[in-house]
There are 2 protein chains.
Amino acid sequence: MLKRPDPFQALCPTRRVLDRIGDSWAVLILVALEDGTLRFNALRRRIENISQKMLSQTLKSLERDGLVRREVFATVPVTVEYSLTGLGRTLSQTVHQLTLWAEAHIGEVEAAQRRYDQGLAPPDGRSPAPLSLR
Amino acid sequence: MLKRPDPFQALCPTRRVLDRIGDSWAVLILVALEDGTLRFNALRRRIENISQKMLSQTLKSLERDGLVRREVFATVPVTVEYSLTGLGRTLSQTVHQLTLWAEAHIGEVEAAQRRYDQGLAPPDGRSPAPLSLR
DNA sequence: CCGTATCCTCTGAGATACTG
DNA sequence: CAGTATCTCAGAGGATACGG
């Protein structure tokens, strides 16, 4: 059978993952943990101006998804370490492809935006209104 | 110099692209246009339950980013066709990698969630509280 | 140190109605 | 057909304070 998920249907798995990627904080945490284990407050300093609430909340959902591992050590005061799971690492690598796209093409995107914000004219020369006949 | 963008800084290019991907509607539109050109209302039917407002708005920003091309034909009533640009196609292909990840790993994610929602126990056998000493 | 609880704000998406 | 213009409302997320 192997029915492929239909991304046009809300609630489809693909869509749920995509929403995760859309979660800017989640992505930043994945990236931050790529270089290794970090403690709660270390993460907090690394990801400038993330609120305590969002860090805690996002970490919890990443842990729930099996992407991040949380380890508590009974020191005083308590120590909590976060790291990527194997699954988390595969996702962060995939996300990395996206950041490569961004770095490679951001220039084109910005150029397109400038064109659009002026008189929206595509790369060719014609100045004013793009309007074809048929 | 070639300074790499710092994703931890809001407003960095990478982050802007990531936010785009997080925009569920934008991704759905890119995917919908992969198979070819579509008219406004065709897109609307294809992407079930997207509102007119969001479709129009998202298309506009995708056009601004140079990812989608908009062509107007002077028929009566007017005809408007949307298609991917070359740039848009490269992005939609990259996004496709992400959907592949989703399809490949959604099972693991859901399994992790079930474990978490019960007594949060990692894959090993120990039942109750994960807590290490040091 | 590592969080949770509470309150409060403000954006952003949906519904609806109207136009070229 | 292909949009724009308003309105409303929920809920994401920041600030703050407190607890284990």
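So that the names make sense, note that chain A is the first sequence line, chain B the second, and so on, each numbered from 1.
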> So does Arg16(B) pair up with Asp19(B), basic N to acidic O under 4.0 Å?
Replying inline: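 No salt bridge links Arg16(B) with Asp19(B).
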> Taking the side chain of Asn41(B) as its heavy atoms from C-beta onward, which of dA2(D), dG14(D), dC1(C) lies nearest to it?
Replying inline: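 From the listed options, dA2(D) comes nearest.
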>> Please report the end-to-end axis angle for the helix from dC1(C)-dG20(D) to dG20(C)-dC1(D), five pairs per end, rounded to 10 degrees.
In response: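 Nearest ten degrees gives 50° for this helix.
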>> Both Val78(B) and Ile50(B) contact DNA chain C. Taking the nearest nucleotide for each, which residue is further toward the 5' end?
In response: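 Here Ile50(B) is the residue nearer the 5' end.
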> Any luck finding a side-chain donor-acceptor pair between Thr37(B) and Glu81(B) under 3.5 Å?
Replying inline: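 No, no side-chain donor-acceptor pair sits under 3.5 Å.
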Check nucleotides 8-11 of chain C for protein N or O atoms closer than 3.5 Å to its own N or O atoms and list the pairs.
none

Roughly how far apart are [X] [atom1] and [Y] [atom2], rounded to 0.5 Å?
{"X": "Leu59(B)", "Y": "Met54(B)", "atom1": "CG", "atom2": "CE", "result": "10.5 Å"}
{"X": "His105(A)", "Y": "Leu100(A)", "atom1": "NE2", "atom2": "CG", "result": "9.5 Å"}
{"X": "Leu87(B)", "Y": "Arg69(B)", "atom1": "CG", "atom2": "CZ", "result": "11.0 Å"}
{"X": "Arg89(A)", "Y": "Leu67(A)", "atom1": "CZ", "atom2": "CG", "result": "11.5 Å"}

Quick one: [X] [atom1] to [N] [atom2], roughly how many Å, whole number?
{"X": "Leu38(B)", "N": "dC1(D)", "atom1": "CG", "atom2": "C1'", "value": "15 Å"}
{"X": "Asp23(B)", "N": "dA13(C)", "atom1": "CG", "atom2": "C1'", "value": "11 Å"}
{"X": "Glu63(B)", "N": "dA2(D)", "atom1": "CD", "atom2": "C1'", "value": "14 Å"}
{"X": "Asn49(B)", "N": "dT16(C)", "atom1": "CG", "atom2": "C1'", "value": "17 Å"}
{"X": "Arg45(B)", "N": "dC1(D)", "atom1": "CZ", "atom2": "C1'", "value": "10 Å"}
{"X": "Asp19(A)", "N": "dA13(C)", "atom1": "CG", "atom2": "C1'", "value": "14 Å"}
{"X": "Met54(A)", "N": "dT16(D)", "atom1": "CE", "atom2": "P", "value": "17 Å"}
{"X": "Leu55(A)", "N": "dA12(D)", "atom1": "CG", "atom2": "C1'", "value": "16 Å"}

List the atom of [X], the atom of [Y], and the distance in Å for their closest heavy-atom pair.
{"X": "Ile21(B)", "Y": "Ile21(A)", "result": "CG2-CG2, 4.1 Å"}
{"X": "Tyr82(A)", "Y": "Leu33(A)", "result": "O-CD2, 3.5 Å"}
{"X": "Thr94(B)", "Y": "Gln97(A)", "result": "CG2-O, 4.0 Å"}

> Which residues pass the side chain to side chain donor-acceptor pair (under 3.5 Å) test with Ser51(B), sequence neighbours left out?
Replying inline: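 Partners of Ser51(B) by the side chain to side chain donor-acceptor pair (under 3.5 Å) criterion come out as none, since no residue qualifies.
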>> Trp25(A): which residues meet the ring pair (Phe, Tyr, Trp, His ring centres under 6.0 Å) condition with it, sequence neighbours left out?
In response: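 Partners of Trp25(A) under the ring pair (Phe, Tyr, Trp, His ring centres under 6.0 Å) test: none.
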> Does Trp25(B) have a side-chain nitrogen or oxygen under 4.0 Å from the phosphate oxygens OP1 or OP2 of dG12(C)?
Replying inline: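 False: Trp25(B) side-chain N/O out of range (4.0 Å or more) of dG12(C) OP1/OP2.
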> Phosphate oxygens OP1/OP2 of dC1(C): is one of them under 4.0 Å from a side-chain N or O of Arg39(A)?
Replying inline: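 Negative; the distance criterion is not met.
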Strictly under 3.5 Å: I want the nitrogen or oxygen pairs between protein and nucleotides 3-7 of chain D, one per line.
from: dG3(D); atom 1: OP1; to: Arg70(B); atom 2: NE; distance (Å): 3.4
from: dG3(D); atom 1: OP1; to: Arg70(B); atom 2: NH2; distance (Å): 2.5
from: dG3(D); atom 1: OP2; to: Tyr82(B); atom 2: OH; distance (Å): 2.6
from: dG3(D); atom 1: N7; to: Gln52(B); atom 2: NE2; distance (Å): 2.5
from: dG3(D); atom 1: O6; to: Gln52(B); atom 2: OE1; distance (Å): 3.4
from: dT4(D); atom 1: OP1; to: Lys60(B); atom 2: NZ; distance (Å): 3.2
from: dT4(D); atom 1: OP2; to: Ser56(B); atom 2: OG; distance (Å): 2.8
from: dT4(D); atom 1: O4; to: Gln52(B); atom 2: OE1; distance (Å): 3.4

>> Taking the nucleotide of DNA chain D with the nearest heavy atom to each, does Pro77(A) or Ser51(A) sit closer to the 5' end?
In response: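 This one resolves to Ser51(A).
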> Among all residues two or more places apart in sequence or in another chain, which pass the side chain to side chain contact (heavy atoms under 4.5 Å, CB included) test with Arg64(A)?
Replying inline: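 Here the qualifying residues are Gln113(B), Tyr116(B), Asp117(B).
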